[in-house]
Amino acid sequence: MDVRKIVVVVEDVDEARAALKWALHNLLRYGDLITLLHVFSPAMNSSRCKNKTRLLRLEGYQLALSFKDICNSFNTNVEIIVTEGDQEGGKIAAMVREIGASALVAGLHDRSFLYKLAMAHNCIANSLSCRVLAIKPPAMPPARSARTRTRARAAPPPDISTSMDFSQIETGRQLEVPEMAPPKVPYKICPDPSAIIWRSRKSKRRGGSCINI
């Protein structure tokens, strides 16, 4: 069986963590290699540019380590790549091609780079040379007041093409592992010794007593 290389985009959002959990439960096979890829934005030109870049790299590595902790219970091979690049997906696409990944897994959210790649390229899968899986957990609608609902209707979301060629997979609550109660051990109920009454019966015979010899 060939070893597959699966790249998971590391972002500090819940969608990215859900995407990693989905890949571990539904995509991972024995012997596969998971690459946790984090791309941070370059620091602005200033005298402290090097220190800022070093800090961003360290924060990205710590974030990737938290993703690696999720993989520990699956006994899989994991590598971490933290690099500097753009947020439009160009650097991610270049790294995916360089790694030779068979699949790219990313969490789908409002600021996802996948939307930007879809607008820039006719076919994302061809530009990345691999399968692209966008994982979107179900959104829980928050309680809104009447004024908030009016503002939301007045400002519709930006027009995004619906003909994007990546696979959008919505995950449910099956990723949450419920707490299992410890199994009950069957046991026999022993009666209270004080509740047991012993009665001795004396044999009665007419015309005399019973003598045991």
Heavy atoms only: give me the nearest [X]-[Y] pair and the separation to one decimal.
X: Ala64; Y: Ile80; result: CB-CG2, 3.5 Å
X: Asp110; Y: Tyr115; result: O-CD1, 4.0 Å
X: Gly107; Y: Glu11; result: O-OE1, 4.1 Å
X: Phe113; Y: Gly89; result: CD1-CA, 3.8 Å
X: Ala134; Y: Leu114; result: CB-CD1, 3.6 Å
X: Leu24; Y: Ile34; result: CD2-CD1, 3.4 Å

Checking the side chain of [X] only, and the main-chain atoms of [Y] only, is there a donor and an acceptor separated by less than 3.5 Å?
X: Thr76; Y: Leu33; result: no
X: Arg4; Y: Leu27; result: yes
X: Arg57; Y: Val82; result: yes
X: Ser112; Y: His109; result: no
X: Asn26; Y: Ala23; result: no
X: Ser102; Y: Lys5; result: yes

Legend entry - Non-hydrogen side-chain atoms of Leu104 and Arg131 separated by less than 4.5 Å: no
Inset, instruction - For residues Cys71 and Leu20, determine if any side-chain heavy atom of one lies less than 4.5 Å from a side-chain heavy atom of the other. - result: yes
Legend entry - Pairs meeting criterion ring pair (Phe, Tyr, Trp, His ring centres under 6.0 Å) with involvement of residues 79-101, two or more places apart: none
Inset, instruction - Can you run down the ring pair (Phe, Tyr, Trp, His ring centres under 6.0 Å) pairs that involve residues 64-91, sequence neighbours left out, and say none if there aren't any? - result: His25-Phe74
Legend entry - Listed partners of Asp69 passing side chain to side chain contact (heavy atoms under 4.5 Å, CB included), at least two apart: Asn72
Legend entry - Pairing of Asp86 and Lys116 as salt bridge, 4.0 angstrom limit: no
